[in-house]
Amino acid sequence: MRQDVIDRAYALLGQRRPDWSLDQPFYVDRDLFEMEMDLFFNRQWLFAAMSCEVPEIGDWLRVDIGRESVILLRDKAGAIRAFHNTCRHRGSRICTTEKGHANRLVCPYHQWSYELDGSLARTRLMGPDFDRQDFGLVPVSVGIAAGFIFINFSADASGFEAFRSEVEPYLLPHGLEDAKVVHTQTLVEQANWKLVIENNRECYHCAGSHPELMHIITEFDDPDDPNIKPEYKALIARKAADWDRLGLPHAHTHGSDRYRAVRLPFTGGMHSMTMDGKPASRKLLGTLSDTDLGSVRFLNLPNSWNHVLADHAIVFRVLPISAEETLVTTKWLVHKDARENEDYDLQRLTEVWAATNDQDRILAETNQLGIRGSGYRSGPYSEAIEAGTRDFIRWYSREMMATLAPLAHSKTSPQENAA
Ligand code: FES
Ligand SMILES: [Fe+2]
């Protein structure tokens, strides 16, 4: 890890104007990006996939994050595990396609094979002194919350239980373990991952860019936001009473500024994120029977936001590729027994967010292009409508400063470092 990169990032964060956008290097600099991945991003709980994507023993899928690659699989006991996708022989990637099914994982280079618990099963010609026990796959920490699989690269990953216990009550009634992914949209956006998240955390841009989304969603997602209109506040209160009767949690979580869950109603008599506001799937998620359950908005910094409705769910995953390139994957889920063209129509199900994501891609990429120029200066977030973005950058800056503080060169002040 380069000391000058750590010192420079620490200095820039130390002297930045609070609640303004970050300095240019945080969006474009390759060295800073590598440092950020190793010391910060990959030490967070990252949304990787849904458990229903590996429903059977031996099902696996690959998740790439920056230069890391991880195999997620369901083992013989039915548990979900994660391993670095790197062979213990000479380091080849083992899984080279996106997903598959196997009783054992076999490295394509010299065919070392691994059990589903990561232990080395077979090798050829390694001699009498070779002890297979020393060569199991390197594990990655896994946490599961209501069908969402999270991974963490830190050896001492912690904090998952508090997170899980706070968000699961919002999500469990929607039965996402018994759902299926029926459509995936993959966008490689030419933008830094933080710009993708910054864009998602505000709806300042929505009125100008999202005609499909704007007839469904409101710009404000905190029921306590002083900018919420009185009519919407009244609707929230009415629906809150209904949801209390159904035993569905709805109030904004307060356990952390890294994540949150909140259930909010749709306006205009709409029940779902479709063009006409009617449910996209006749078969509802889990064992739900009421279509008017609004949307559970589930945020997990640094890499995911999600909408979980009565009839379907849309999950969003943001994975950095490089300083100026980010993979944004959106998946649409319905009940596992829902039948295409009978219970749901793929076009109706996906059109609002497919269009919205592409509009957001253009916004993030255009933002990136502007930041690249030498005329870029940090700018202020709107107190009234960019609080989500402000809070993300506050969280990011605070966490990065805490990470870098023990590593930064102690003898120089931030100003000297920046010079
Ligand atoms: S590198 Fe995997 S078997 Fe040789
Ligand atoms: Fe947007």
Side-chain angles (χ1 to χ4, degrees), residues 21 60 62 69-71 83-97 100 102 104-115 118-127 130-138 185 187 189-221 264 273 295 297 299 301 303-307 314-318 326 328-330 350-368 370 381-382 385-393:
S21 61
W60 61 263
R62 197 184 97 203
S69 182
V70 175
I71 307 164
F83 301 101
H84 284 272
N85 185 13
T86 299
C87 182
R88 290 296 311 278
H89 176 216
R90 280 168 47 204
S92 169
R93 278 210 177 163
I94 300 163
C95 296
T96 55
T97 53
R104 283 184 182 149
L105 301 172
V106 181
C107 178
Y109 203 173
H110 315 95
Q111 291 76 48
W112 282 25
S113 66
Y114 298 89
E115 302 288 2
S119 58
L120 182 58
R122 288 215 190 122
T123 60
R124 290 176 296 121
L125 303 171
M126 289 305 291
F130 178 75
D131 188 350
R132 286 202 304 268
Q133 296 210 353
D134 296 338
F135 297 92
L137 292 176
V138 178
Q185 181 197 45
L187 296 176
E189 305 195 4
Q190 302 303 310
N192 181 271
W193 69 273
K194 294 186 289 300
L195 292 182
V196 176
I197 300 288
E198 286 183 36
N199 175 66
N200 169 263
R201 302 313 314 131
E202 51 92 354
C203 222
Y204 198 6
H205 69 273
C206 291
S209 294
H210 294 321
E212 295 84 358
L213 188 66
M214 276 314 282
H215 77 286
I216 300 167
I217 212 167
T218 66
E219 287 106 319
F220 303 100
D221 62 3
L264 283 171
M273 288 181 150
S295 166
R297 299 187 186 195
L299 169 74
L301 295 178
N303 86 319
S304 177
W305 66 89
N306 309 280
H307 288 276
I314 317 115
V315 300
F316 301 83
R317 186 187 67 181
V318 174
T326 303
V328 181
T329 309
T330 305
T350 57
E351 61 194 338
V352 168
W353 274 105
T356 303
N357 286 343
D358 212 45
Q359 292 149 3
D360 281 325
R361 176 186 62 77
I362 292 166
L363 294 169
E365 291 183 344
T366 308
N367 196 170
Q368 181 78 32
Y381 299 124
S382 158
I385 197 168
E386 288 179 302
T389 305
R390 176 202 66 196
D391 291 348
F392 163 54
I393 292 299

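Every heavy atom of this structure was used, including side-chain atoms; hydrogens, water molecules and symmetry mates were not. As the structure lists them, so they are numbered: ligands from 1, and atoms in each ligand from 1.
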Check your understanding: Heavy atoms, side chains only, cut-off 4.5 Å: are Trp193 and Asn303 in contact?
Key -> no
Practice item. Return the minimal non-hydrogen interatomic distance between His205 and Asp360, and the atom names on each side. Key: NE2-OD1, 3.1 Å
Check your understanding: Going by heavy atoms in the side chains, are Tyr381 and Asp391 under 4.5 Å from each other?
Key -> no
Check your understanding: Which word best sums up how the rings of Trp305 and Phe316 line up, parallel for under 30°, tilted for 30 to 60°, or perpendicular for over 60°?
Key -> parallel
**Study point:** More than 12 heavy atoms of other groups within 6.0 Å of Phe130 CZ
**Key:** yes
Check your understanding: Nearest to the Fe ion (ligand 2), which N, O or S atom of Asp360 do we find?
Key -> OD1
Exercise for review: Would you list the protein N, O or S atoms within less than 2.8 Å of atom 4 (Fe) of ligand 1, leaving out water?
Suggested key: His89 ND1, His110 ND1
Check your understanding: For His84 and Leu137, which heavy atoms make the closest approach, and how far apart are they?
Key -> O-CD2, 4.4 Å
Exercise for review: May I ask you to check whether His307 and Ser295 show a side-chain donor-acceptor distance below 3.5 Å?
Suggested key: yes
Point to revise | Opening angle between NE2 in His205 and NE2 in His210, taken at the Fe ion (ligand 2), to 10 degrees | key: 100°
